[in-house]
Amino acid sequence: MPPLTFWKPGTVGPGSNLDRASEAEENIVSYTPSSSLISIQAQRERLPIFKHREKLLHCVEKYGVVIVVGQTGCGKTTQLPQYLYEAGWAQDGNVIACTQPRRVAATSVAMRVANEVGSMLGDEVGYTIRFEDVSNKERTRIRYLTDGMLFREALSRPSDIKIDEVHERSVYTDLLLGILKKIRRKRPSLRLVVSSATLDASSLLEYFQAGNGPDEAIILSLEGRMYPVEVAYLHEPTPDYVKKAAEVAWDINSRQGPGDILIFLTGREEIDRCLEELAEYLPTHKGNSPQLMLLALHAGLTTEEQMRVFQPAERGYRKVIVATNIAEASVTIEGIKFVVDCGFVKLRTYNPTTTLSSLAILPTSHASAVQRTGRAGRTSPGICYRLYPHSAVRTMPRSTAPEVTRTDLTTPILQLKSLGIDDLMKFEWVSAPPAESVLRALEGLVNAGMVDQDGALTVVGQKVAECPVEVNIARMLFSSKDFRCGEEILTIAAMTAVQNVFVIPDGAAGALAELERRKFTAEEGDHLTLLNAYNAFIRYGKSSSWCKSHALSFRAMSRAVSIRSQLKKYMQRFGLPLQSCEGDAKRLRQCLVSGYWRNGARWVADGTYRSVRGNIPLHVHPDSVLFTRKPKSGWVVFHEMEETKKINIRILTEIDPDWLLDHGHRFQEKDRS
DNA sequence: GAGCACTGC
């Protein structure tokens, strides 16, 4: 193949005249390897953050909110809570709560800190995530938890310090920041330490100062410890970044020294195509460069397949990992020296006018690009190849719009209501969602009987707010009492909450898996098919090898078991009976309609459906058992719809259209206007 | 007629 000529001259290789990215954090050095030979205390003191200990404590003393800006690896997650603990902030029954965006982060950090403090996990140092509470009400002083979990506990178990990892602005991060600002007005003794990316720090500062004065908050910058990463750009935009990514990876392999390659693309389809492109290069391999070990990484893979990316390459091999955004923050792979970034990401957006959510491929934000670049500098200096021209950087958004501005707010609004925040227009959002999203959510809640006409939470609304499921699913759980099918609805609720239940590989194995899946197929549709799969999983002893031979994801099935048992506790608490419908699928389907009545759809001659809410063609997702079949009645309800290239509906069940009428009158009045 | 980025309760 021809040598790559599209890079700016000399951008590749050390000492070159590099077209560097401007952001300072890409050029930070000073790395001290930790050694097991030195004491824990000595190791802690070697961390870059240690120099800032006194200053930090001084700030926490003086300001209500301290916004900490620091790099991954500077020690803020493990050290800050300990500094606060050592300085006495966890006395008199107070707890230092530290939130993490993900479950694995909360547990692994808690383990490390427990070790450093010399505590048993769950004693002085503990963690709380869904399904697992390894903490002690009396003794735990430092508690790591997911932000969703802290939000859920928000007003019931007050803590005195909260540390937040807010780079990834999940809905719960935003809700938490909003209510914590409010709580601080009532309880000024509560301290808040918020860790943020450089780009967001000043807007967070303004947010907390607004209405509270300049002494409310301060920004504190910490030094990180990353290796420098050079950044190279294309001269011209590329018409096909998938092909280009493969070309660049092959070029790196023939021209650069050792080090693994990580390629960022947007989805499974692109990943597979890129791997095919790379495979075509393999026969042209020349003796003096390493062989390539090609690996995919996305959430749809089994745990086993995901683990392969962590295994070091064999001698004479170089790993090329082609990944989705999962590798940007959720998963960290050591030994990556070269990053190839396509500059795009698949993002969910929400249109409140149509209540349609879309999955679109959009340019990454600047913050995201920096994060991807940093993946090349974790263990040694690296190079990041951005598959777009330098000029494109200016047109990129500074950071990704927070999730709260691009999602359905039905559940979050219900939860805010249950926390006593009634005047939603006055709620101080860090980033305000579109007013229409808030109105739509309220409207939906009124229609579902969760909120009354005056905007007050109803009795059932208060209960549903506590349930960790979507509102329509919660409605089914409650009406299962009338249809005497609590057992089955509980299972269905759990199964619809997990993703990637059926594992369908490509090629011949995929056809076999398809056959396996048909064994669970229920005439009535996908909900009952999921029910069959779950019951079979239980019947065959929740075995992982059984899952494997029946094309089911053991991970997904096990999660469904956990969710089901959690939801069961809520049903018992609310006095909902756990009756079985004894095979009466009609009752069960009627119960589904009680939750999904807004998602009714009619089959039309071309094989698509039309929603009761509009006349747009809805396409059946190919995973559905109704993909190839017309329902006898011509009507279905569906779990969700999403726009990609077309509008797809997923998880369908055939119904009698008359069942919709009981619910329909409400919708006629409200939604059509 | 053919496809799901990623979390979290």
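The structure presented is a predicted model; accordingly, all values stated were derived computationally and were not measured. Proteins get letters first, then strands, A, B, ... in listed order; numbering begins at 1 in each.
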Q: Give the nucleotide from the list B:dC9, B:dG3, B:dC6 with an atom nearest to the side chain of A:Thr324.
A: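 Of all the options, the side chain of A:Thr324 is nearest to B:dC6.
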
Q: Check every strand shown and say whether A:Arg130 touches a base, only sugar-phosphate, or nothing at a heavy-atom separation below 4.0 Å.
A: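 Base, at least one base heavy atom under 4.0 Å.
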
Q: If each of A:Glu642 and A:Val104 is mapped to the nucleotide of DNA chain B with the nearest heavy atom, which maps nearer the 5' terminus, i.e. the 5' end?
A: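 Looking at the nearest nucleotide for each, A:Glu642 comes out on the 5' side.
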
Q: Looking at the side chain of A:Leu347, which of B:dA5, B:dG8, B:dC4 is the nearest nucleotide?
A: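 So the nucleotide nearest the side chain must be B:dA5.
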
Q: In whole angstrom, what separates A:Arg348's CZ from B:dC6's P?
A: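 It works out to 11 Å between those atoms.
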
Q: On the ring face of A:Phe264, is A:Arg372 found with NZ or CZ under 6.0 Å from the centre and within 45° of the axis?
A: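 Verdict for A:Phe264: a cation-pi partner in A:Arg372.
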
Q: Can you confirm whether A:Glu269 is buried at CD, in the sense that more than 12 heavy atoms of other residues, nucleotides or ligands lie under 6.0 Å from that atom?
A: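 No, because the 6.0 Å sphere around CD of A:Glu269 holds 12 heavy atoms or fewer from other groups.
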
Q: Could you state the atom-to-atom distance from CZ of A:Arg273 to P of B:dG3 in whole Å?
A: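 Roughly 15 Å, once rounded to whole Å.
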
Q: Starting from P on B:dA5, measure out to CD1 on A:Ile271 and report it in whole angstrom.
A: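 Answer to the nearest Å: 8 Å.
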
Q: Measure CD/A:Glu466 against C1'/B:dC9 and give the value in whole Å, please.
A: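 After rounding, the reported distance stands at 13 Å.
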
Q: From the list B:dC6, B:dG8, B:dC4, which nucleotide is the closest neighbour of the side chain of A:His621?
A: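 Of B:dC6, B:dG8, B:dC4, B:dC4 is nearest to the side chain of A:His621.
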
Q: Specify whether A:Tyr596 and A:His639 have parallel, tilted or perpendicular ring planes, treating 30° as the upper limit for parallel and 60° as the lower limit for perpendicular.
A: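 Geometry flag for A:His639 against A:Tyr596: perpendicular rings.
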
Q: Examine B:dC4: is either OP1 or OP2 under 4.0 Å from a nitrogen or oxygen in the side chain of A:Thr644? Give yes or no.
A: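 A:Thr644 to B:dC4 OP1/OP2: side-chain N or O found under 4.0 Å.
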
Q: What's the closest nucleotide to the A:Arg268 side chain, out of B:dC6, B:dA5, B:dC9?
A: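 So the side chain of A:Arg268 is nearest to B:dA5.
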
Q: Of the nucleotides B:dG3, B:dC6, B:dT7, which one has an atom closest to the side chain of A:Lys646?
A: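 For A:Lys646, the side-chain atoms sit closest to B:dG3.
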
Q: Just to be sure I understand the rule, does A:Gln499 reach a base, reach only the sugar-phosphate, or reach nothing, if contact means heavy atoms closer than 4.0 Å?
A: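 Here A:Gln499 touches the bases of the nucleic acid.
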
Q: Can a salt bridge be assigned to the pair A:Arg102 and A:Glu168 using a cut-off of 4.0 Å between side-chain N and carboxylate O?
A: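 Result for this pair is yes, salt bridge flagged.
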
Q: If each of A:Ser330 and A:Asn648 is mapped to the nucleotide of DNA chain B with the nearest heavy atom, which maps nearer the 5' terminus, i.e. the 5' end?
A: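 Nearer the 5' end of the strand: A:Asn648.
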
Q: Between A:Thr146 and B:dC9, is there a contact of a side-chain N or O with OP1 or OP2 at under 4.0 Å?
A: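 For B:dC9, OP1/OP2 do have a side-chain N/O of A:Thr146 under 4.0 Å.
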
Q: Any base atoms under 4.0 Å from A:Leu359, or only sugar-phosphate, or nothing? Heavy atoms, all strands.
A: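 Result for A:Leu359 = base.
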
Q: Any salt bridge between A:Glu270 and A:Lys243, counting N to O under 4.0 Å?
A: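 No, no charged N to carboxylate O under 4.0 Å.
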
Q: So which atom in A:Ile263 and which in A:Ala249 form the shortest heavy-atom distance, rounded to 0.1 Å?
A: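 Between these two residues, the closest heavy atoms are CD1-CB, 3.9 Å.
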
Q: Where the side chain of A:Pro622 is defined as all heavy atoms beyond and including C-beta, which of B:dT7, B:dA2, B:dC9 is the nearest nucleotide?
A: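 Output: B:dA2.
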
Q: Starting the side chain at C-beta, find the nucleotide from B:dC4, B:dT7, B:dC9 nearest to A:Ile129.
A: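 Between B:dC4, B:dT7, B:dC9, the one nearest the side chain of A:Ile129 would be B:dC9.
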
Q: Roughly, in whole Å, what's the span from CD in A:Glu168 to P in B:dT7?
A: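 In whole Å, B:dT7 P and A:Glu168 CD are 10 Å from each other.
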
Q: If only side-chain N and O atoms of A:Arg103 are considered, is one of them under 4.0 Å from the OP1 or OP2 phosphate oxygen of B:dC9?
A: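 For B:dC9, OP1 or OP2 has a side-chain N or O of A:Arg103 closer than 4.0 Å.
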
Q: B:dA5 P sits how many Å from A:Gln306 CD, rounded?
A: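 After rounding, the gap between these two atoms is 13 Å.
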
Q: With respect to the side chain of A:Asp623, which nucleotide from B:dC4, B:dA5, B:dC6 is positioned closest?
A: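 Given the options B:dC4, B:dA5, B:dC6, the side chain of A:Asp623 is closest to B:dC4.
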
Q: For A:Leu419 and B:dC9, give me the distance from atom CG to atom P, rounded to whole Å.
A: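 For the pair A:Leu419 CG and B:dC9 P, the rounded distance is 17 Å.
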
Q: How many Å lie between CG on A:Leu301 and P on B:dG3, as a whole number?
A: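 Roughly 20 Å, once rounded to whole Å.
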
Q: Quick one: label A:His619 by what it contacts on the DNA or RNA (base, sugar-phosphate, nothing), any heavy atom closer than 4.0 Å.
A: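 Answer is nothing: A:His619 stays at 4.0 Å or more from every strand.
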
